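A note on names: the letters A, B, ... follow the listed sequences, proteins ahead of strands, and every chain is numbered from 1. Note that the structure is a prediction, hence the values are computed from the model and not measured.
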Amino acid sequence: MILFYFALQVNNLRRTIMSYHFKEIEKKWQAYWAEQQTFKATNESAKPKYYVLDMFPYPSGAGLHVGHPLGYIASDIYARYKRHKGFNVLHPQGYDSFGLPAEQYAIQTGQHPALTTEENIKTYRRQLDQLGFSFDWSREVRTSDPKYYKWTQWVFIQLFHSWYDNEADKARPISDLIPEFQASGNSSVNAACDEDTPHFTAEQWKAFKDKEQQQILLKYRLTYLADTEVNWCPALGTVLANDEIVNGVSERGGHPVVRKKMTQWSMRITAYAQRLLDGLDTIDWPQPLKDAQTNWIGRSEGASVTFKTVPSAETKESYPIDVFTTRPDTIFGASFMTLAPEHELVAKITTSEQKAEVDAYVEATAKRSERDRLSEVKVVTGAFTGAYAEHPFTAEPIPIWIGDYVLAGYGTGAVMSVPCGDQRDYDFARNFGIDIPNIFEGVDISEEAFANKERTVIANSDFLNGLSYKDATKKIISELEKIGKGEGKINYRLRDAVFSRQRYWGEPFPVYYVDEMPRMIAEEHLPLKLPEVAKYLPTETGEPPLGNAKVWAWDSKQSTVVSNELIDHKTIFPLELNTMPGWAGSSQYFNRYMDPHNEEAIFSKEAIDYWKQVDLYIGGIEHATGHLLYSRFWQKFMFDLGLAPVEEYAKKLINQGMILGNSAFVYREVETNQVLSAGLISGKKVDPIHADVSLVNTSNELNVEGFKAWRPEFKDAEFVLENGKFIVGRDVEKMSKSKYNVVNPDAICQQYGADSLRLYEMFLGPLEQSKPWNTAGITGVHSFLKKLWKLYHTGPDGTFEVSDDEPAKENLKTLHKTIKKVEEDIEDFSFNTSVSTFMICVNELSAQKCRSRAILEPLAIILSPYAPHVAEELWERLGHNSSIASVAFPEFDDKFLVESTKEYPISFNGKMRFKLEFPLDMPREEIEAAVLAHERTQQQLQGRTPKKVIVVPGKIVNVVG
RNA sequence: GCCUCGGUGGCGGAAUUGGUAGACGCGCUGGAUUCAAAAUCCAGUGGUAGCAAUACCGUGUGGGUUCGAUUCCCACCCGAGGUACCA
């Protein structure tokens, strides 16, 4: 008995030794890659280059969940594939390490964000490493590293020293502008500049004081200071983003928020609106993403028209009101004007009779956030100013109203209202009893406005009568220009981007103030490092956290940061207190990876000329109108400077879908406070409460004791079971810590290994689609890897053994159809289907009992991008002593797939009924005859004569009748 | 409202230019192995009827084009994401 037991143990031991030991294998090869620097990319190579980039992560304190690496796995497969295909691959990774959560944590705990960030990065790095990514870590960048943000500050300085020349359609140095102003003022300069830029002559320019000249130049610079309306929260002492405000109060703490004007840095991205639009046609990005950017930029063609107010007894003056309209052809239908309540003329033109009503309306509007105004679309509100404007053609007086459907921030904040041609104007006119003249031929406007451009024929419009939309628009614009009351104009919705943040944990601006005007710190003194502060909150006087810094003044003589006490406004000046937003550092990291340690330049010319641009960029669509728009703008600016060789930095982009969590719920009955199992809730009033998914097994049973320990408030609650079990409810939601549905990749790697996790994430479904996570399914890919392992371990007791015999024909067929399909799939980014293909391949080879080296070697190579650890191990066991990573991808050969016969599906009226095998070269007529003669055909037809027989050689036979 | 993406078994999903719907995997059912379990292996698994051969139905709904439609066209329904009352 003892002997028997012993034998059993030995047997088990042997099995253990020979079986697929992913933990050891993965550890071994991760160490090997790190040691050998297998994935280090060189900036010169005889091979063609290929640049695969992931959107770098923000290292949050929570670490990675299984949703995060999805895109990284895909890009890693592609990068590894490209190496097999003979490319010099750049596949870097880094950290977007400035950001709010670290700062929030600092406020709460006093811990320096740099420390917590460092800790979080360590966790991220460990988690990324355990997944076996082929990153070139020697090129890592961190946006919060002064060596990196030195160059973020440097780009900012270049933007400050540039203006946008609309004629040349590119950015040019400010130093070009000054001689121009000196020679002939600014009348001949066609630049992207502030709306309120005054006209001046050369003489006036020369007469300006230095400060006035600086103020003028600021209106031209690509980054400039401007008063911007922000959401100010006095209680938090900070500015909030729109989505940090819920129902008019701050999301955090529920404090009131007011609209406030603040001086902020802005980026003149609007100068690039057209180029950002045009560039979309040159890049291979997903259409929905391009659509999002197109809509965001919001180009519309039309005309600007100047109306003049009619002077009244009260207001003797006549003010011009500029409007933008996309339908200048309908100008004769304008029966009133509407101004945004915030419009600056409102106060000037309102008559005393209307003042009370207008003031009340303006005040009511100011209280409502832009979101509130948008959400109540159906309610028409407004007020009459008592003033009138003169129609530019008929000279008729038309009433001027204000209404909050006109937005101050779009166009000029004023519209000419044509109720017959615009539904909003129509509703407004109806509501307030304003005239609705019809200027369309043969159109009934008694119920709604008519906005169909194609079917427009203009009537009652003087010289426009009988014209189509197109002709009338052309004609009216030339008439407007003739009488000097308007011109053709293209308007963009895109607004300049606010670039200041009232935060600590961001890049400091390399800016100090002399006589309140900004000056740049000279490039050679960069980086300007973040100062130490005692606390990370705004100061008591409402200044940003950098206002707490004691040593934060610029000594312009010594070119160094000195104590604030020394500020004398003569040689020592205050430094900027704002920091840059999150998108600053991410707008150039893709270029910095090309030459990350360069201390002399942002990158060398050689480096960027070699790598040029990202060939494949993978990341989430949530960055569509943020990072992905801003970074395109920065790149175009770099291109204008002559630093970047291409205008678009990412040739192809793929949005990976989100992995959704499978949340678990317990149900608390409202009346009894009992906690009910999911099957018991029908007809009862219950509150669903999230349960942590780690407390639930694959059969949806809850670990009740674990739940009680996790949620002490349920310690004494009564849990009502069904059939002795407590079953949770399930729902698919976004994977998030707050929903307690996150699945940690560490646990998966422990239990199944990184190769299994990589395969499974790909196997879940198409890369670009959102899909729910279900850990239970991973056993499928895991047993695939075990089957694969067995294929190479057919020796005694499962030892490694392959044969050098010629492979069988069927082996070759299986291999080559797999090579073909996998290669096509990778090129199409259809990774899920290639995992199935591998499974089919291994199933077939196992059934064929294939042990042939000639088959098993190429199989290891084509699998290696997906499951690199096991592939390396098998490669080594096959007798190779260097990494599989750069071995050539096997060539697919058609000759192994050639068939001589085809099993034709025989269908009747389109439905497949049975199959018949015929030679592939059998002529159509003979197939038809053979099919018709077959007894099963006769059985199907039951005596009927077929009307027609369709034979598609090599495909199908269809009998009709 | 508008824009975008999607809707196929119990679940994730597959189906090249219109040509065998449901590949592959999970789950489930039955069996082998085992003292037992895990693991592994074998068989079955869209629905309905039938012992079976087989028949009928079946890709959100309703039409259409076609010898043939998950695939193309028209109208609609539902879900997800985005967004701008944009003149």
- Please work out if A:Val415 contacts a base, only the sugar-phosphate, or nothing of the nucleic acid, heavy-atom cut-off 4.0 Å. base

- Just checking, any donor-acceptor pair under 3.5 angstrom between side chains of A:Thr270 and A:Tyr492? no

Next on the checklist: Between A:Val931 and A:Phe918, is there a side-chain heavy-atom distance shorter than 4.5 Å?
Outcome noted: yes

Write down the distance separating the C1' atoms in B:U83 and B:A14, rounded off to the nearest Å.
34 Å

When rounded to whole Å, the CG to C1' distance for the pair A:Asn774 and B:C24 reads 16 Å

B:G27 -> Watson-Crick or G-U wobble partner, both distances under 3.5 Å, gives B:U45

Side-chain atoms of A:Arg936 come closest, of B:U54, B:A87, B:C26, to B:U54

Does a side-chain N-to-carboxylate-O contact under 4.0 Å join A:Glu487 and A:Lys489? no

Look at all strands and tell whether A:Arg913 reaches a base, only sugar-phosphate, or nothing, counting heavy atoms closer than 4.0 Å.
sugar-phosphate

Separation of the P atoms in B:A37 and B:G30, to the nearest angstrom: 14 Å

For A:Lys790, answer base if it contacts any base atom (sugar-phosphate contacts may also be present), sugar-phosphate if it contacts only those atoms, and nothing otherwise; contact means non-hydrogen atoms under 4.0 Å. sugar-phosphate

Closest of B:C24, B:U40, B:C5 to the A:Met839 side chain is B:C24

Side-chain N,O (A:Asn832) to OP1/OP2 (B:C24) below 4.0 Å: no

A:Ile956 has its side chain closest, among B:C67, B:U20, B:C24, to B:U20

### Task
Looking at every strand, decide which applies to A:Asp291 at a 4.0 Å heavy-atom threshold: base, sugar-phosphate, or nothing.
sugar-phosphate

- What interatomic distance, in whole Å, is found between C1' of B:C28 and the corresponding atom of B:G12? 16 Å

If pairing means Watson-Crick or G-U wobble with both distances under 3.5 Å, then the partner of B:A80 is B:U4

Between A:Asp425 and A:Tyr405, is any side-chain donor less than 3.5 angstrom from a side-chain acceptor?
yes

- Can you tell me if the side-chain N/O atoms of A:Ser770 get under 4.0 Å from OP1 or OP2 in B:G6? no

Inset, instruction - Describe the nucleic acid contact of A:Pro766 in one word from base, sugar-phosphate, nothing, applying a heavy-atom distance below 4.0 Å. - result: sugar-phosphate

Between CD of A:Gln751 and P of B:A39 the distance, given in whole Å, is 11 Å

**OP:** Check whether any side-chain heavy atom of A:Gln287 sits under 4.5 Å from a side-chain heavy atom of A:Lys290, and report yes or no.
**Re:** yes

For B:A32, the nucleotide meeting Watson-Crick or G-U wobble distances (both under 3.5 Å) is B:U40

To the nearest angstrom, the NZ-P distance between A:Lys911 and B:G22 comes to 12 Å

Scanning all shown strands, the Watson-Crick or wobble mate of B:G19 with both distances under 3.5 Å is B:C67

Here the distance between atom C1' of B:C67 and atom CG of A:Asn909, to the nearest Å, is 8 Å

query: Given the C1' atoms of B:G60 and B:C42, what is the spacing between them in whole Å?
result: 38 Å

Please classify the nucleic acid contact of A:Asp425 as base, sugar-phosphate, or nothing, using heavy-atom distances under 4.0 Å.
nothing

Just to be sure I understand the rule, does A:Arg299 reach a base, reach only the sugar-phosphate, or reach nothing, if contact means heavy atoms closer than 4.0 Å? nothing

Here the distance between atom P of B:G82 and atom CE of A:Met658, to the nearest Å, is 8 Å

Separation of B:U70 atom P from A:Met912 atom CE, nearest Å, is 14 Å

Q) Side chains of A:Ser304 and A:Asp322: is there a donor and an acceptor less than 3.5 Å apart? A) no

Inter-nucleotide P distance (B:U33, B:G22), Å rounded:
34 Å

**Report entry** Under 4.0 angstrom between A:Arg493 side-chain N/O and B:C86 OP1 or OP2
**Finding:** no

For A:Ala389 and A:Met337, the nearest pair of non-hydrogen atoms, with its separation, is CB-SD, 3.6 Å

TODO: Could you give the distance separating B:A15 and B:U20 at their C1' atoms, to the nearest angstrom?
DONE: 11 Å

*asked:* Strictly below 4.0 Å: does A:Arg495 bring a side-chain N or O up to OP1 or OP2 of B:C86?
replied: no

A:Glu824 CD to B:A15 C1', in whole Å, measures 14 Å

Which of B:C24, B:C67, B:C26 is nearest the side chain of A:Ser836? It is B:C24

Of A:Lys820 and A:Arg327, the one whose closest nucleotide on RNA chain B sits nearer the 5' end is A:Lys820

**Message:** Under 4.0 Å, heavy atoms only, any strand: does A:Lys821 hit a base, just the sugar-phosphate, or nothing?
**Reply:** nothing

Q) With a 4.0 Å cut-off on heavy atoms, is A:Asn295 in touch with a base, just the backbone sugar-phosphate, or nothing at all? A) base

### Query
Crowded around A:Glu344 CD? As in, over 12 foreign heavy atoms under 6.0 Å?
no

Between A:Thr326 and A:Gly780, the residue closer to the 5' end of RNA chain B by nearest nucleotide is A:Gly780

Taking B:A87, B:C26, B:C67 as options, the one with an atom nearest any side-chain atom of A:Arg424 is B:A87

Ignoring backbone atoms, establish whether A:Lys771 has a side-chain N or O less than 4.0 Å from OP1 or OP2 of B:G13. no

Per atom distances to the A:Pro288 side chain, the nearest of B:C5, B:G19, B:U20 is B:C5

Need one value for A:Gln769: base, sugar-phosphate or nothing, where a base atom within 4.0 Å counts as base even if backbone is also close, heavy atoms only.
sugar-phosphate

Roughly how many Å apart are B:C56 and B:G50, using the C1' atom of each and rounding to a whole number?
12 Å

note: A:Lys955, atom NZ; B:U20, atom P; distance rounded to Å ~ 9 Å

Exercise for the section: Remember a base hit wins even if backbone is also touched, and classify A:Ser907 as base, sugar-phosphate or nothing at under 4.0 Å, heavy atoms. Expected result: nothing

Side-chain N or O of A:Lys915 closer than 4.0 Å to phosphate OP1/OP2 of B:U20: no

Its glycosidic angle compared against 90° from 0, B:G12 adopts the form anti

Next on the checklist: Over all strands shown, is A:Leu764 touching base, sugar-phosphate only, or nothing at heavy-atom distances under 4.0 angstrom?
Outcome noted: sugar-phosphate

Which part of the nucleic acid does A:Ser417 contact within heavy-atom distance under 4.0 Å: base, sugar-phosphate only, or nothing? nothing

pair_partner(B:G58), Watson-Crick or wobble, both distances < 3.5 Å, evaluates to none

Separation between the C1' atoms of B:A21 and B:U71, rounded to whole Å
11 Å

**Prompt:** For B:G25, does either OP1 or OP2 sit under 4.0 Å from a side-chain N or O belonging to A:Asn843?
**Reply:** yes

(Q) Using modelled atom types and a 3.5 Å cut-off, is there a donor and acceptor pairing between side-chain atoms of A:Lys786 and backbone atoms of A:Tyr20? (A) no

Ranking B:C67, B:U40, B:G27 by distance to the side chain of A:Lys786, first place goes to B:U40

message: Quick one, A:Asp828 and A:Thr833 - any side-chain contact, counting heavy atoms below 4.5 Å?
response: no

